[in-house]
Each structure stands twice: as structure tokens, then as C-alpha cells.
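Scroll down for the structure; my scribbles are underneath it.
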Amino acid sequence: MSQHDPKARIQRQRDSRKQERRQERHTDNAAIRDQVRALGGGDLDHWDSDSERGQGDE
């Protein structure tokens, strides 16, 4: 596809939007992890190891 091909332009726009959403999710997830740590919730690795053993906070 050439640079002036409408299909190529649309695909580039889609790819760009996809990348923007991916970056926003990454940033949002990092902020959530920081908030959980600040509240004393630990790290994601800790949560995964608890759920694997079936030992929650219940």
C-alpha cells in the first residue's frame, strides 16, 4: 500500500489509536498499582500468589 492509498491511511490511523489506547491503559494501570501500594495492598505478584494457594483475606 502506498502512502496515498486511502486504505493505508485508515490503517495507520487505526494503529495510532490502538497504540494511544494501549499507552493510556498502561498509564492507568500503573496509577492503580501505585494507589494500591499506598493503601498497603502490596504488589500484584503478592495477590497472584495468594489466589494460587487459595488463601485470601477471608
Side-chain angles (χ1 to χ4, degrees):
M1 289 190 275
S2 71
Q3 188 170 353
H4 298 290
D5 182 7
K7 290 181 182 179
R9 181 177 51 84
I10 291 169
Q11 187 61 44
R12 283 192 308 273
Q13 289 173 340
R14 286 181 182 158
D15 291 344
S16 177
R17 285 192 302 263
K18 251 189 246 184
Q19 183 61 32
E20 287 173 15
R21 287 191 304 269
R22 185 177 298 126
Q23 182 61 41
E24 288 171 0
R25 280 193 309 270
H26 178 75
T27 302
D28 292 345
N29 288 340
I32 290 170
R33 281 192 302 271
D34 291 343
Q35 290 173 351
V36 169
R37 279 189 207 114
L39 293 170
D43 289 325
L44 184 58
D45 294 337
H46 176 74
W47 304 338
D48 287 342
S49 64
D50 282 350
S51 65
E52 288 173 5
R53 291 188 307 249
Q55 299 173 348
D57 290 338
E58 301 169 54

How would you list, by chain and number, every residue that makes a salt bridge (Lys or Arg N to Asp or Glu O under 4.0 Å) with D34, sequence neighbours excluded?
R37
Which residues pass the side-chain hydrogen bond (donor to acceptor under 3.5 Å, both in side chains) test with D28, sequence neighbours left out?
none
Atom pair CZ (R17) and CD (E24), whose distance is rounded to the nearest 0.5 Å:
12.5 Å
Result of checking R12, Q13, E20 against S16 for side chain to side chain contact (heavy atoms under 4.5 Å, CB included):
E20
side-chain contact (heavy atoms from CB on, under 4.5 Å) with Q19: which residues, sequence neighbours excluded?
R22
